[in-house]
Amino acid sequence: SQQGEEDPQALSIQEGENATMNCSYKTSINNLQWYRQNSGRGLVHLILIRSNEREKHSGRLRVTLDTSKKSSSLLITASRAADTASYFCATDAPGSARQLTFGSGTQLTVLP
Amino acid sequence: DVKVTQSSRYLVKRTGEKVFLECVQDMDHENMFWYRQDPGLGLRLIYFSYDVKMKEKGDIPEGYSVSREKKERFSLILESASTNQTSMYLCASSSAYDSFYGYTFGSGTRLTVV
């Protein structure tokens, strides 16, 4: 079942700009994760934020989590053409034994 | 480099054929998963396994079965392939004890049933 929904479905920006993607979910979570998928390939884990954390950084990535609004955002700063990919959020809910539920994804295009 | 390996990148099969998709991981992970990915529908969980010889149905198990005889190998079986099973199939594994690194995915198998 789809728990997460990403917004927007598609995003196109110029190289060097920041890209922000949002994710909303429906139930309580243990953690929320973001993945990237290059065209025709598998997903790659980017970052995990636990339910008791509000913000996390990794390189050019910044993730925020608002459990009261059941939402998260992924910010990619100083984007590059190589960041062009689909980005998915995934939630790990209590009692799910670490079974992730994925959102429908945001297609990011970074124009050179 | 740790990885999940799916046996085929592209596969074309005929309707009614029995199809085996193989997945092997070298990370000693306890958990393994099979998803299918279709445009507009995102990733949908077919089956998963938390241990050898153990399997659990996901959201869309109909028309599929799985086998996990060894910890490192998780096979997805299409008993009688149909055209509506044309899709991208993704295998993933994860540790039962540490969620920090999330899932590790294979590169995917794009299956076409004709």
Side-chain angles (χ1 to χ4, degrees), chain A residues 1-10 21 23-26 29-53 56 58 61 63 65 72 74 85-107, chain B residues 1-6 8-10 21 23 25 27 29-51 54-61 87-112:
Chain A
S1 58
Q2 297 293 323
Q3 154 138 266
E5 286 189 13
E6 283 90 341
D7 169 54
Q9 289 189 334
M21 289 159 272
C23 169
S24 60
Y25 58 92
K26 297 173 184 171
I29 60 172
N30 290 323
N31 63 66
L32 185 144
Q33 305 176 29
W34 285 90
Y35 289 78
R36 184 187 72 217
Q37 183 181 34
N38 290 92
S39 180
R41 310 294 295 189
L43 281 71
V44 174
H45 182 253
L46 295 176
I47 194 167
L48 178 151
I49 186 165
R50 300 190 192 282
S51 60
N52 61 354
E53 297 176 310
K56 203 157 185 182
S58 176
L61 304 180
V63 171
L65 179 65
S72 173
L74 171 68
S86 292
Y87 291 82
F88 294 86
C89 68
T91 53
D92 175 353
S96 69
R98 297 213 171 92
Q99 178 187 333
L100 292 181
T101 302
F102 288 82
S104 51
T106 292
Q107 171 62 50
Chain B
D1 194 21
V2 294
K3 59 184 180 181
V4 174
T5 302
Q6 294 184 229
S8 304
R9 285 296 315 280
Y10 299 95
L21 302 183
C23 175
Q25 51 98 1
M27 295 162 286
H29 280 167
E30 294 75 20
N31 306 330
M32 295 190 76
F33 307 85
W34 275 106
Y35 288 86
R36 64 177 282 178
Q37 184 178 24
D38 301 286
L41 297 177
L43 277 76
R44 294 180 291 169
L45 181 64
I46 305 171
Y47 267 97
F48 56 100
S49 170
Y50 293 138
D51 200 353
M54 176 271 177
K55 60 185 178 183
E56 292 283 347
K57 292 180 180 179
D59 298 321
I60 52 163
S87 186
M88 170 72 111
Y89 290 87
L90 293 166
C91 175
S93 71
S94 71
S95 168
Y97 306 106
D98 182 1
S99 62
F100 183 78
Y101 297 104
Y103 285 14
T104 302
F105 279 85
S107 295
T109 295
R110 187 164 295 281
L111 172 68
T112 302

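Each chain gets a letter, A, B and so on, in the order its sequence line appears, and its residues count up from 1.
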Is it true that, when you exclude Gln9(A) itself, more than 12 heavy atoms of the residues, nucleotides or ligands shown sit nearer than 6.0 Å to its CD?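 Incorrect, the count does not exceed 12.
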
Quick one: side chain to side chain contact (heavy atoms under 4.5 Å, CB included) partners of Thr5(B), sequence neighbours excluded?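 Once residues adjacent in sequence are excluded, the partners of Thr5(B) under the side chain to side chain contact (heavy atoms under 4.5 Å, CB included) criterion are Lys3(B).
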
Rounded to the nearest 0.5 Å, what's the gap from CD on Gln37(B) to OG on Ser86(A)? Could you check?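 It is 7.5 Å, given to the nearest 0.5 Å.
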
Nearest-0.5 Å distance that lies between atom CG in Leu43(B) and atom OG1 in Thr101(A):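 The OG1 atom of Thr101(A) is 10.5 Å from CG of Leu43(B), to the nearest 0.5 Å.
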
If you check every heavy atom in residues 35-42 of chain A against those of chain B, which residues fall under 4.5 Å?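 If one takes a 4.5 Å heavy-atom cut-off, the residues of residues 35-42 of chain A near chain B are Tyr35(A), Gln37(A), Gly40(A), Arg41(A), Gly42(A).
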
What option among Arg110(B), Arg9(B), Met88(B) has the most heavy-atom pairs under 4.5 Å with chain A?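 It is Arg9(B).
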
With Trp34(B) via side-chain hydrogen bond (donor to acceptor under 3.5 Å, both in side chains) - residues at least two apart: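 For Trp34(B), no residue satisfies side-chain hydrogen bond (donor to acceptor under 3.5 Å, both in side chains) once neighbours in sequence are set aside.
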
Under the side-chain hydrogen bond (donor to acceptor under 3.5 Å, both in side chains) test, which residues partner Tyr87(A), sequence neighbours left out?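 Once residues adjacent in sequence are excluded, Tyr87(A) has no partner under the side-chain hydrogen bond (donor to acceptor under 3.5 Å, both in side chains) criterion.
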
Pair Phe48(B), Leu100(A) - check side chain to side chain contact (heavy atoms under 4.5 Å, CB included), show working. CA-CA 11 Å; Phe48(B) 56 100; Leu100(A) 292 181; over 6 Å; no

Where is the tightest heavy-atom contact between Leu43(A) and Phe105(B), given as atom of each residue plus distance?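 Here Leu43(A) and Phe105(B) meet closest at O-CB, 3.2 Å.
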
